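Reminder, nothing fancy here: chain letters follow the sequence lines and each chain counts from 1. Owing to the predicted nature of the structure, the values given are computational and were not obtained by experimental measurement.
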Protein chains: 2
Amino acid sequence: MKDVAEAAGVALKTVSRVVNDEPGVTPATAERVSAAIERLGYRPNESARVLRRGSTSSIGLVIEDVADPFYSVFGRAVEEVALRHGSLVLSGSSGEDPLRERELILTFCSRRVDGLIIVPSGTDHDYLRPELDAGIAAVFADRPGGPGTAPYGTAYGTTPGPGSAPGHDPGSGPGHDVPGVSGGAVSCDTVLCDNAGGAYAGVSHLIRHGHRRVAFVGDRASIFTSGERLRGYRRALEEAGLPFEESLVSTGPAEEAGAALTRMLSGGDPPTAVFTGNSRITVAVLRAGHRQALVGFDDFELADLLVPGVTVVAQDPAGLGRTSAELLFRRLSGDRGAPERIELPTRLIPRGSGELPP
Amino acid sequence: MKDVAEAAGVALKTVSRVVNDEPGVTPATAERVSAAIERLGYRPNESARVLRRGSTSSIGLVIEDVADPFYSVFGRAVEEVALRHGSLVLSGSSGEDPLRERELILTFCSRRVDGLIIVPSGTDHDYLRPELDAGIAAVFADRPGGPGTAPYGTAYGTTPGPGSAPGHDPGSGPGHDVPGVSGGAVSCDTVLCDNAGGAYAGVSHLIRHGHRRVAFVGDRASIFTSGERLRGYRRALEEAGLPFEESLVSTGPAEEAGAALTRMLSGGDPPTAVFTGNSRITVAVLRAGHRQALVGFDDFELADLLVPGVTVVAQDPAGLGRTSAELLFRRLSGDRGAPERIELPTRLIPRGSGELPP
DNA sequence: TTGAAAGCGCTAACAA
DNA sequence: TTGTTAGCGCTTTCAA
C-alpha cells in the first residue's frame with residue numbers, strides 16, 4: 001500500500017479511499033492510484049483490514065459431512081446467501097463428533113467469523129457462551145443446540161416445540177429417552193425441519209393404503225431428528241388405533257438397517273410396510289433387497305428411477321440453508337429480538353413404493 | 001490479551017508464549033496465565049496473528065458447485081488433508097462462470113490464503129500471475145488451468161499429455177476444437193483424471209460386447225474433460241476399425257442429452273449402445289427412458305440398484321482431492337521442483353447395462 | 001525465565 | 001479534496 005501511495009504520489013489514506021470506493025477523491029487522482037495498483041499487482045491485506053475494522057465478513061459453517069448430499073446442498077444455499085451479503089464461508093465437517101465440532105467452532109471463533117451456522121452433533125454447547133457474549137451470532141440448523149446457550153438477553157425457556165402434525169404428544173415415549181427432544185432449553189436461533197410431522201404424514205400414508213403393521217427403521221435414537229421422526233411414527237399409529245410394538249422398531253446406524261429389517265421380516269407376523277428414518281437407511285434397506293411397501297424420510301437422487309419409484313417425505317435442504325443464513329444475517333445486521341425457532345414443512349412425494357398394497 | 005496479562009500479573013509476551021506453547025515459561029506462571037485465559041474467555045485474534053506472522057494457515061478451494069456429489073466428495077478429501085496440516089478451508093462455488101471464479105480467487109488471495117486448489121472453469125488464468133509471484137501456491141484439479149500461469153521459475157512448455165490408454169493421438173479431431181486440450185501451456189501443478197483413457201476403456205468395453213454403432217453423448221465440447229473423453233471415444237473406434245460418425249456424437253448441456261439421444265435412435269441405422277460423458281448426462285439419458293446398452297463416465301450413487309445396473313467408468317473424486325491437497329501442502333512446505341502433472345487412473349465397473357448385447 | 005518496544009498493513013478520526 | 005497520526009492485537013527482536 002505504501003508502494004502504491006508512493007508510485008501514485010499520494011498519501012496512504014487516498015489509496016485506502018480508492019480501494020474502498022470512498023467518496024472524496026478526484027477522478028484523476030483515483031485513476032492514478034488505480035493504475036499504480038494495477039501495475040504493482042497490489043492486493044489489500046484482508047487481515048489488516050479485519051484487525052482494524054473488527055468485522056471479518058465471513059461466517060463459519062459446521063456440518064456433519066461436507067460430502068453428504070443433504071448437507072452439501074444445504075451448504076451451497078448458505079454460500080449463496082453469504083455471497084449476497086458479501087461474506088465468505090469457512091466450512092468444516094464435524095463428522096458427528098462433538099469434540100471435533102467444538103474444536104472447529106472455536107477455531108472459527110479465533111478467526112473472528114461474524115457468525116456461525118451449526119448443525120450440532122453434540123448436545124452441550126455451553127462452551128459457546130463466551131463467544132456469544134463476545135457478540136458472535138449463531139444459528140443452529142437441522143437440530144437444536146444443547147442446553148446452556150442463551151444469547152440476546154432473552155431466555156427462551158423450555159418450549160416443547162409442538163410440531164405441525166395434529167395432536168403431537170409432547171412427552172417422548174418410554175424406552176426411547178431422546179436427550180434434548182422435549183424440555184431442552186434451546187435459546188439460540190434454530191431452524192428445523194418438521195421431522196415429527198413429516199414422519200407422521202409418511203406413516204399415515206402407508207396406513208391409508210391398508211397397512212396395519214408398519215415397521216420403523218431409523219437411525220440411532222440419540223440423534224435428535226431420529227427421535228422426532230419416531231415420535232411422528234408413534235403418533236400416526238396411535239391416531240389409527242394401531243398398537244406400538246417394540247419388535248417393529250429398529251434404531252441404529254445405517255449399516256445395520258438392512259439386517260434389522262431382515263430380522264423383522266423373518267419373525268412371526270412380519271410387517272407389510274416399512275418407514276425408513278433417513279435416506280442412508282432407505283438406501284441400505286433397498287440394497288439389502290427389500291421390496292415391500294416403503295416410505296422413506298428424505299428425498300434422494302434417482303428415487304424416481306428405481307422400480308418401483310420410492311415414495312419419500314422430502315425435506316428442503318436448500319430452504320433450510322437459506323433460512324438459516326438469512327436469519328443469521330438478520331442478526332448480524334442488528335436484530336436483537338427473541339431467539340426464533342423456525343420449522344420448515346416437509347412434502348410427501350408418492351412414487352409407487354408407498355402405494356403398494358399389503 | 002492485555003487483560004489476561006494484567007489478570008495474571010505478567011507481560012504480554014508471556015501470555016503469547018503460553019498461548020503458542022513456546023518454551024521458557026515456568027509451569028506455575030503458565031498455570032496462572034491459563035487460568036486467566038479460561039476465566040476471561042480469551043481467544044487469540046487470528047487476524048492479528050496472521051498480520052504479524054504472514055501465514056494464514058488456510059487454503060482456498062474453488063470448485064464448480066459445492067453441492068455436486070463429485071465435487072463435494074472432492075472437497076471433503078481436501079478438507080481432510082488440510083485438517084492434518086492444521087489448515088482451514090475457504091471454499092466457494094464458481095458455477096462454471098469464469099468471472100465468478102476469478103472474483104472468488106482474488107477474494108481468497110486478499111484473505112492471504114497460503115494456497116489455492118482450483119477446478120478451473122475459465123481458460124485464462126493470467127490474472128493469477130501477481131498472486132503466484134507473491135508466493136501463493138496453486139494447484140489445478142480436474143482440469144488444467146489456462147495459459148499464462150508459470151510459477152516456480154521452471155516453465156513447463158507445451159506438453160501434449162499422452163494419457164494412459166495405448167496409442168493416443170495428440171491432435172484433437174477436426175470439428176472439435178477444444179481449447180487447452182493439446183498444446184496448451186499449463187505450468188501450475190495439475191492433477192487430472194485419465195479422461196481419455198477412461199473413455200477409451202468404456203467404449204472398448206461396449207465394442208467387445210459386440211456393438212459396432214456406439215453413440216457418444218457428452219457435455220459441451222468447450223469443457224476440457226468432455227474433449228478428452230471424446231478423444232478416448234475416437235481412439236477406441238479407430239482401434240476397432242470402426243468409422244467415426246458425426247451423427248452418433250452429441251455434445252451439449254445435460255438437459256439436452258435425452259432429446260439428442262432420442263433423435264439418434266429414431267434416425268436410420270441407429271446406435272445399439274451409448275457412451276455417456278458424465279453422470280449428469282447418464283442420469284438424463286436414463287430419465288429420458290433409454291434402456292439400451294450403456295456405459296457412463298463417472299460413478300454415481302444407486303447405479304447398482306437400477307435395473308439393469310449401470311456400468312460405469314469410475315473416477316476417484318476423493319483421490320483427486322487428496323492428491324491435489326497433498327501436492328499443495330508439499331509446495332507450501334517449500335518444494336520448488338518443476339510443476340507436476342498427475343493423471344489418476346479410472347476403473348471400469350461392470351454392472352449389467354454395459355454388457356447387454358446389441 | 002521474563003519483559004519492553006517496535007511494527008505487521010490497514011482504517012478511523014481528525015487536520016489542513 | 002487530501003494528508004497525518006494513532007492504534008487494532010499480536011509476534012519478533014532484543015534486553016534484563
Side-chain angles (χ1 to χ4, degrees), chain A residues 1-34 36-37 40-58 86 106-114 130-131 134-136, chain B residues 1-34 36-37 40-58 86 106-114 130-131 134-136:
Chain A
M1 184 161 176
K2 215 164 75 184
D3 294 347
V4 171
E6 215 156 283
V10 296
L12 281 178
K13 180 64 214 184
T14 303
V15 179
S16 171
R17 285 198 179 96
V18 172
V19 170
N20 295 295
D21 281 324
E22 280 172 39
V25 184
T26 329
T29 319
E31 185 44 52
R32 252 188 14 257
V33 173
S34 298
I37 288 175
L40 274 62
Y42 164 77
R43 304 273 182 271
N45 181 322
E46 204 62 28
S47 301
R49 218 169 200 173
V50 162
L51 180 58
R52 188 64 247 230
R53 286 209 286 224
S55 139
T56 55
S57 297
S58 62
L106 292 182
T107 307
F108 288 161
C109 289
S110 281
R111 307 235 169 184
R112 294 295 186 273
V113 292
D114 301 328
E131 324 297 340
I136 291 183
Chain B
M1 184 160 176
K2 213 163 75 183
D3 295 345
V4 171
E6 214 156 283
V10 296
L12 281 177
K13 179 63 217 185
T14 303
V15 179
S16 171
R17 285 200 180 95
V18 172
V19 170
N20 295 295
D21 282 324
E22 280 172 38
V25 184
T26 328
T29 319
E31 185 44 53
R32 252 187 14 259
V33 173
S34 297
I37 288 176
L40 274 61
Y42 165 75
R43 305 271 181 273
N45 181 323
E46 204 62 30
S47 301
R49 218 170 201 171
V50 161
L51 179 57
R52 191 61 247 233
R53 287 209 284 224
S55 139
T56 55
S57 297
S58 62
L106 292 182
T107 307
F108 288 161
C109 289
S110 282
R111 307 236 168 183
R112 294 295 187 272
V113 292
D114 301 328
E131 324 299 339
I136 291 184

Integer-rounded Å distance: D:dT11 C1' and A:Leu51 CG
12 Å

For A:Arg17 and A:Gly24, the nearest pair of non-hydrogen atoms, with its separation, is CD-O, 4.4 Å

Quick one, B:Glu46 with A:Thr107, criterion side-chain contact (heavy atoms from CB on, under 4.5 Å). Give me CA distance, side-chain angles, the key distance, then yes/no.
CA-CA 9 Å; B:Glu46 204 62 30; A:Thr107 307; over 6 Å; no

Quick check against the 3.5 Å criterion: does B:Arg32 have a side-chain atom that pairs as donor or acceptor with the backbone of B:Ala8?
yes

Counted 5' to 3', the first and last nucleotides of DNA chain C within 4.0 Å (strictly under) of a heavy-atom of chain B are C:dT1 to C:dG9

Rounding to a whole Å, what distance do you find between B:Ile37:CD1 and D:dG9:C1'?
14 Å

Of all heavy-atom pairs between B:Val33 and B:Val10, which one has the smallest distance, and what is that distance?
CG2-CG2, 4.0 Å

I need the B:Arg112 CZ to B:Leu51 CG distance, nearest 0.5 Å.
10.0 Å

With sugar-phosphate meaning primed atoms plus P, OP1 and OP2, does A:Thr29 contact a base, only sugar-phosphate, or nothing at under 4.0 Å between heavy atoms?
sugar-phosphate

For B:Arg43 and D:dC10, what is the distance between atoms CZ and P respectively, to the nearest whole Å?
12 Å

Does B:Pro23 or B:Arg53 map to a spot on DNA chain C nearer the 5' end, using the closest nucleotide for each?
B:Pro23

Dot-bracket line, read 5' to 3' along DNA chain D, where crossing pairs take [ ] and | marks a partner on another strand, Watson-Crick or G-U under 3.5 Å:
||||||||||||||||

Report yes if the side chains of B:Arg111 and A:Ser57 come closer than 4.5 Å at any heavy-atom pair, otherwise no.
yes

Would you mind classifying the nucleic acid contact of A:Val50 as base, sugar-phosphate or nothing, using non-hydrogen atoms under 4.0 angstrom?
nothing

Quick check on DNA chain D: between A:Thr26 and B:Asn45, whose nearest nucleotide comes earlier from the 5' end?
A:Thr26

Among the candidates D:dG9, D:dC8, D:dT2, find the nucleotide nearest to the side-chain atoms of A:Arg52.
D:dC8

Can you measure from CE (A:Met1) to CD1 (A:Ile37) and round to the nearest 0.5 angstrom?
8.5 Å

So B:Leu106 and A:Arg43, side-chain contact (heavy atoms from CB on, under 4.5 Å) or not? Walk me through it.
CA-CA 8 Å; B:Leu106 292 182; A:Arg43 304 273 182 271; 3.7 Å; yes

Between A:Tyr42 and A:Val19, is any pair of side-chain heavy atoms under 4.5 Å apart?
yes

Residues of residues 2-19 of chain A with any non-hydrogen atom less than 4.0 angstrom from an atom of DNA chain C: list those, numerically ordered, please.
A:Lys13, A:Ser16

Looking only at heavy atoms, the pair that brings A:Val18 and A:Ala30 closest together is CG2-CA, 4.0 Å

